[in-house]
Amino acid sequence: MDTITIRMPDDFHVHFREGELLRRLAYLVAQQFGRAIAMPNTLNPPIRTVDDAIPYRDEILMHSGNGFQPLMTLKLYPDTTPEVVRGAHAAGVVAVKYYPEGVTTNAEDGVSVGRLSELYPAFEAMQDIGMLLLLHGEMPGVFCLDREAAFLEVLRRLCSDFPGLKIVLEHITTAGAVEAVYTLPATVAATITLHHLELTLDDVIGDKIMPHNFCKPVVKRPQDREALCYAVTSGNPKFFFGSDSAPHPICAKECAEGCAGVFTAPVAMPRLMEFFETLGCLTKLDPFVSQFGAEFYGLPLNQGTLTLVREPWIVPVEYAGVRPYLAGRTIIWRIAE
Ligand code: NCD
Ligand code: ZN
């Protein structure tokens with residue numbers, strides 16, 4: 001039987017949720033990743049200060065176990081002051097996430113792009129202390145397929161106004177975003193999800209409506225998907241893995257106003273292995289999942305390892321009432337016991 005062992009990877013963008021979903025699903029992340037960035041909008045209300053972040057970190061820890069380390073973030077609000085930023089950083093919070101208002105789940109109360117300059121004192125403080133700014137890079141109010149492209153001017157402005165601030169453009173979906181991240185200075189990087197590497201809009205609305213493939217930002221055109229594949233297989237350290245695994249109960253996906261979010265946690269590493277192997281780029285997987293993100297965040301590389309075995313399995317159609325990505329499909333690699 002084939003086995004492959006790599007350095008323990010990290011997932012730089014996860015929605016752990018709370019309550020039962022957190023309790024029953026956190027192990028799926030912890031069994032294949034050493035660390036994960038816990039998104040702050042995953043709670044309702046979202047994580048606003050260190051006083052929200054620390055209890056949430058403890059709750060994730062309680063349900064993940066096994067040496068797993070959640071990395072905490074705050075959601076940017078109009079009252080995110082330099083003091084809030086410094087206090088959070090002192091307690092180990094690693095990043096602040098900016099959601100333009102209304103752009104995705106639990107972002108109705110986000111700061112509007114037009115008022116971002118009011119948060120410059122917070123960005124200044126983050127730049128000083130080495131805290132990262134994570135961006136949900138979509139411009140509200142723009143036609144959905146063009147939202148990411150329209151947001152790139154905001155990225156460029158932030159990058160030139162804060163040349164020392166580390167910025168991650170999250171879950172990029174377009175050739176334009178790949179190009180922008182390539183050409184901007186080394187302070188700018190991007191996360192890429194598994195599903196954006198595999199899907200196009202045809203997999204959401206090309207035939208029947210496939211709500212479990214619907215996410216924000218929505219998957220785009222074939223040429224965009226190809227650009228993302230090129231980015232991850234080129235070995236450029238600006239591009240690293242963030243799954244954006246975002247579980248929603250089946251009833252919240254299969255309904256008239258379904259939530260955005262693809263639940264990829266159950267299949268993440270096995271499917272990435274298959275994906276890179278099929279492209280003949282297996283040597284590029286380890287740095288994409290285990291090295292580039294840690295280096296950009298200034299974290300030590302994980303010491304442990306993850307072993308996968310070539311042992312086909314059928315993805316269950318449900319985990320705790322949530323339909324996973326590739327439900328019912330056969331996956332070639334499995335995480336070793
Ligand atoms: C995320 C969620 O469900 O929390 N959904 C998604 O489609 N990615 C929110 C987000 O990260 O935008
Ligand atoms: Zn997300």
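Counting convention: from 1, in listed order, for ligands and their atoms alike.
- Taking the six-membered ring where the residue is Trp, Y99 and H136 present tilted rings, their angle falling between 30° and 60°.
- At a cut-off of 2.8 Å, H136 does not coordinate the Zn ion (ligand 2) through any N, O or S atom.
- At a heavy-atom distance under 4.0 Å, no atom of V262 approaches ligand 1.
- The nearest N, O or S atom of H171 is not closer to the Zn ion (ligand 2) than 2.8 Å.
- Against a heavy-atom cut-off of under 4.0 Å, H13 is close to the following atoms of ligand 1: 11 (O).
- Nearest to atom 5 (N) of ligand 1 among the protein's heavy atoms is A260 O, 3.1 Å.
- Note that K166 lies in the cation-pi zone of F296, set by a 6.0 Å cut-off to the ring centre and a 45° limit from the axis.
- No salt bridge links R35 with D11; every basic N to acidic carboxylate O contact stays at or beyond 4.0 Å.
- Each of I47, L134, V111, D109 was compared with K75 under the side-chain contact (heavy atoms from CB on, under 4.5 Å) criterion, and only D109 meets it.
- The shell of residues lying under 4.0 angstrom from ligand 1, judged by heavy atoms, includes H15.
- Smallest separation of non-hydrogen atoms from L184 and C159: CD2-SG, 4.0 Å.
- For F162 and F123, the distance between ring centers is under 6.0 angstrom.
- The N/O atoms of Y99, backbone and side chain alike, include none that comes under 3.5 Å of an N/O atom in ligand 1.
- In this structure, F288 has its ring center closer than 6.0 angstrom to the ring center of F276.
- Separation of the Y297 and F12 ring centroids falls under the 6.0 Å cut-off.
- Around atom CE of M210, no more than 12 heavy atoms belonging to other residues, nucleotides or ligands sit under 6.0 Å away.
- Remark: at the Zn ion (ligand 2), atom NE2 from H13 and atom NE2 from H15 enclose 110°, rounded to the nearest 10 degrees.
- Atoms of ligand 1 lying under 4.0 Å from at least one heavy atom of C215, given by number and element, are 7 (O).
- In terms of protein heavy-atom proximity, atom 9 (C) of ligand 1 is nearest to T104 OG1, 3.3 Å.
- For the pair D244 and ligand 1, the shortest N or O to N or O distance falls below 3.5 Å.
- Taking every heavy atom of H248 and a limit of under 4.0 angstrom, the matching atoms of ligand 1 come to 2 (C), 3 (O).
- Where the criterion is an N or O separation shorter than 3.5 Å, residue side chain and backbone included, F214 fails it with respect to ligand 1.
- Electrostatic pairing of E277 and R310 counts as a salt bridge here, judged by a charged N lying under 4.0 Å from a carboxylate O.
- Assignment of E170 to the shell around ligand 1 is not supported, since no heavy atom sits closer than 4.0 Å.
- In this structure, atom 7 (O) of ligand 1 lies nearest to the protein heavy atom K216 N, 2.8 Å.
- Ring pair Y182/F239: centre-to-centre distance below 6.0 Å.
- Taking backbone and side chain together, D244 holds an N, O or S atom under 2.8 Å from the Zn ion (ligand 2).
- For ligand 1 and H136, the ligand atoms under 4.0 Å from any heavy atom of the residue are 12 (O).
- Residue contact check for ligand 1: R17 places a non-hydrogen atom closer than 4.0 Å to it.
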